[in-house]
Amino acid sequence: ELLDWQAQVLQVHMADPVVDYLQRLVASTRESTRTNGLSTRGVLALKKAAQAYALIEGRHFTVPEDIQAVFAAVVDHRIGGGMTRQGVVSPASELLNTVPVLV
């Protein structure tokens, strides 16, 4: 059953405007002076997590909100955010607030 879910995740469509949003978020991690920048493996993990989130939400396509929903959980430890104290905004959350959705 797990293998079936994994195969279904790979079939979730990510349209070009959503890919562009993903790429702009990734670029912002690499341009930031506060973060180490997201690696290629990190980008692939983020894409799959967004696709999985969409599938769990009952869709076979992604929307920017899927990326936003998983972004901090997937990338904070990869870009040097680590654990944050309560009330402190993580580097990933800050980046989400600065990169506009242009879909």
Undergrad: By salt bridge (charged side-chain N to carboxylate O under 4.0 Å, His left out), which residues pair with Arg30, not counting sequence neighbours?
TA: none
Undergrad: State, to 0.1 Å, how close Pro64 and Val18 come at their nearest heavy-atom pair, and which atoms those are.
TA: CD-CG2, 4.1 Å
Undergrad: Report yes if the side chains of Leu25 and Leu96 come closer than 4.5 Å at any heavy-atom pair, otherwise no.
TA: yes
Undergrad: Applying salt bridge (Lys or Arg N to Asp or Glu O under 4.0 Å), which residue pairs with at least one partner in residues 59-72 are found, sequence neighbours left out?
TA: Arg59-Asp66
Undergrad: Could you go step by step and tell me if Leu46 and Val70 meet the side-chain contact (heavy atoms from CB on, under 4.5 Å) rule?
TA: CA-CA 7 Å; Leu46 176 59; Val70 300; 3.9 Å; yes
Undergrad: May I ask whether Val43 and Val19 are part of the same hydrophobic cluster, defined by side-chain heavy atoms of I, L, V, M, F, W, Y residues being less than 4.5 angstrom apart, directly or through others?
TA: yes
Undergrad: Does Val75 reach the side chain of Thr29, with side-chain heavy atoms less than 4.5 Å apart?
TA: no
Undergrad: With a 4.5 Å cut-off on side-chain heavy-atom distances among I, L, V, M, F, W and Y, is there a chain of contacts connecting Leu22 to Val99?
TA: yes
Undergrad: Identify the heavy atoms of Phe61 and Ala54 that sit nearest to each other, and give their distance.
TA: O-CB, 3.4 Å
Undergrad: Under the 3.5 angstrom rule, does the side chain of Thr62 hit a backbone N or O of His13 as a donor-acceptor pair?
TA: yes
Undergrad: Hydrophobic cluster membership, with links at side-chain heavy-atom distances under 4.5 Å among I/L/V/M/F/W/Y: are Leu38 and Val74 in one?
TA: yes
Undergrad: Could you tell me if the side chain of Val101 sits less than 4.5 Å from the side chain of Gln68, heavy atoms only?
TA: yes
Undergrad: Can you tell me how far apart OG1 (Thr98) and CD (Glu31) are? Round to the nearest 0.5 Å.
TA: 10.0 Å
Undergrad: Given the rule that I, L, V, M, F, W and Y join up when any side-chain heavy atoms are under 4.5 Å apart, are Val9 and Ile67 in one cluster?
TA: no
Undergrad: Tell me the closest heavy-atom pair linking Gln8 and Leu55, and the distance in Å.
TA: CB-CD2, 3.7 Å
